[in-house]
2 protein chains.
Amino acid sequence: MNDRNERLEFCETSVIHYDIVENVREKMPPEDPVYDVADLFKVFGDSTRARMICALTVSEMCVCDIAALLGMTSSAISHQLRILKQAGIVRSRRVGKIVYYSLADEHIRQLFTVAFEHVTEEKGGQ
Amino acid sequence: MNDRNERLEFCETSVIHYDIVENVREKMPPEDPVYDVADLFKVFGDSTRARMICALTVSEMCVCDIAALLGMTSSAISHQLRILKQAGIVRSRRVGKIVYYSLADEHIRQLFTVAFEHVTEEKGGQ
DNA sequence: TTAACAGTTGAACAAATGTTCAAATGATAA
DNA sequence: TTATCATTTGAACATTTGTTCAACTGTTAA
């Protein structure tokens with residue numbers, strides 16, 4: 001299995017396990033969705049946005065209330081809401097001057113639930 | 001409900017829905033785990049690390065093989081593996097010169113599965 | 001011992017990111 | 001109209017982050 005290493009010349013050294021690399025290349029998910037998943041997780045990966053999502057898990061809220069709850073300015077919250085909306089994580093509805101935001105998808109709740117299980121169970125991980 | 005707004009003076013304007021804010025404050029998850037969840041998602045939120053995790057979903061791999069698969073240097077991969085290991089996402093075992101990495105937890109696979117569902121179903125989301 | 005090689009590490013750099021500030025919308029009420 | 005207020009927006013700034021490069025471990029084999 002070592003006589004084919006030259007096919008993988010982008011590695012600065014040589015490939016050690018050609019068969020494993022080819023097996024993984026076939027079976028791992030296609031590239032584009034992986035990038036989409038990374039982008040989704042990137043949006044979750046900021047503590048302000050994570051706290052906002054957790055708040056919206058409980059109830060629909062307007063910008064000013066989220067700002068008050070988290071002790072931040074409306075401007076900062078609005079900037080983050082824009083990111084969340086572009087990512088399809090929240091949706092908004094306007095009532096007069098006030099804009100109410102809520103979670104757009106049940107997957108969001110599910111992802112946070114599993115993530116919470118992970119970080120709480122894992123006290124004493126390797 | 002507006003006569004108590006002064007209790008939430010950290011908001012640069014006044015709180016509009018005092019009852020909603022207090023309700024969410026009681027029911028949303030405690031602060032520390034939320035930060036842990038955000039940190040976990042932050043690790044997932046880089047495309048290189050997401051691709052590495054997807055690869056390790058298929059099979060245990062050594063550093064050089066991951067580098068070859070993703071067309072990156074061993075150094076870059078090693079740096080990212082350190083982040084993944086610190087986060088408790090991968091574990092390693094050494095066999096001679098070679099260090100094999102694998103996923104440390106079944107939650108990881110589950111989180112990526114749900115995230116994939118989200119990004120693939122959501123063609124045509126709002 | 002020496003050479004070869006898988007992997008790790010630290011410094012440096014460029015690119016991306018979150019918050020602040022000030023100004024601008026857009027809607028309500030006087 | 002004007003004033004007020006919730007929200008949005010853009011520019012600026014400091015901070016964080018990912019990759020590269022070079023040097024360094026640590027293991028194997030001659």
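In the text below, chain A, chain B and the rest are named by the order of the sequence lines, each starting its count at 1.
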For atom [atom1] of [X] and atom [atom2] of [N], their distance in whole Å:
X       : N      : atom1 : atom2 : answer
B:Ile83 : C:dG10 : CD1   : C1'   : 14 Å
A:Met72 : C:dG18 : CE    : P     : 11 Å
A:Lys97 : D:dT7  : NZ    : P     : 10 Å
B:Asp39 : C:dT17 : CG    : C1'   : 15 Å
B:Lys42 : C:dT17 : NZ    : P     : 12 Å
B:Gln80 : C:dG7  : CD    : P     : 16 Å
B:Lys85 : C:dG7  : NZ    : C1'   : 12 Å
A:Leu84 : C:dG18 : CG    : P     : 10 Å

For this session: For residues 49-102 of chain B, pull every pair meeting ring pair (Phe, Tyr, Trp, His ring centres under 6.0 Å), keeping only residues two or more places apart or in separate chains.
Result: A:His17-B:Tyr100
Exercise. Sequence neighbours excluded, which residues qualify as side-chain hydrogen bond (donor to acceptor under 3.5 Å, both in side chains) partners of A:Arg109?
Worked result: A:Glu106
Exercise. Which residues satisfy the side-chain hydrogen bond (donor to acceptor under 3.5 Å, both in side chains) test with B:Glu31, sequence neighbours excluded?
Worked result: A:Arg51
Report each atom pair, protein N/O against N/O of nucleotides 8-12 of chain D, whose distance is under 3.5 angstrom.
from   : atom 1 : to       : atom 2 : distance (Å)
D:dT8  : OP1    : A:Tyr101 : OH     : 2.5
D:dT8  : OP2    : A:Ser78  : OG     : 2.8
D:dT8  : O5'    : A:Ser78  : OG     : 3.4
D:dT9  : O4     : A:Ser75  : OG     : 2.7
D:dG10 : O6     : A:His79  : NE2    : 2.8

Exercise. Which of residues 45-56 of chain B sit near DNA chain D, with a heavy atom under 4.0 Å from it?
Worked result: B:Asp46, B:Thr48, B:Arg49
Exercise. Can you get from B:Leu81 to B:Ile83 by hopping between Ile, Leu, Val, Met, Phe, Trp and Tyr side chains that sit under 4.5 Å apart?
Worked result: yes
When the side chains of residues 39-48 of chain A are checked against the rest of the protein, which donor-acceptor pairs come out under 3.5 Å, sequence neighbours left out?
from    : atom 1 : to      : atom 2 : distance (Å)
A:Asp46 : OD2    : A:Thr48 : N      : 3.2
A:Asp46 : OD2    : A:Arg49 : N      : 3.1

Exercise. Sub-3.5 Å donor-acceptor pair from the side chain of A:Asp65 to the main-chain atoms of B:Ile16, do we have one?
Worked result: yes
Exercise. Ignoring hydrogens and geometry, is there a side-chain-to-backbone donor-acceptor pair from B:Ser78 to B:Ser74 under 3.5 Å?
Worked result: no
Exercise. Atom CZ in A:Arg93, atom CD1 in A:Ile98: separation rounded to 0.5 Å?
Worked result: 10.0 Å
Exercise. Considering only side-chain heavy atoms of B:Cys62, which listed nucleotide, C:dG7, D:dA6, C:dT19, is closest?
Worked result: C:dG7
For this session: Check the pair A:Leu103, A:Glu60 against side-chain contact (heavy atoms from CB on, under 4.5 Å), reporting the backbone distance first and the verdict last.
Result: CA-CA 8 Å; A:Leu103 289 190; A:Glu60 173 186 73; over 6 Å; no
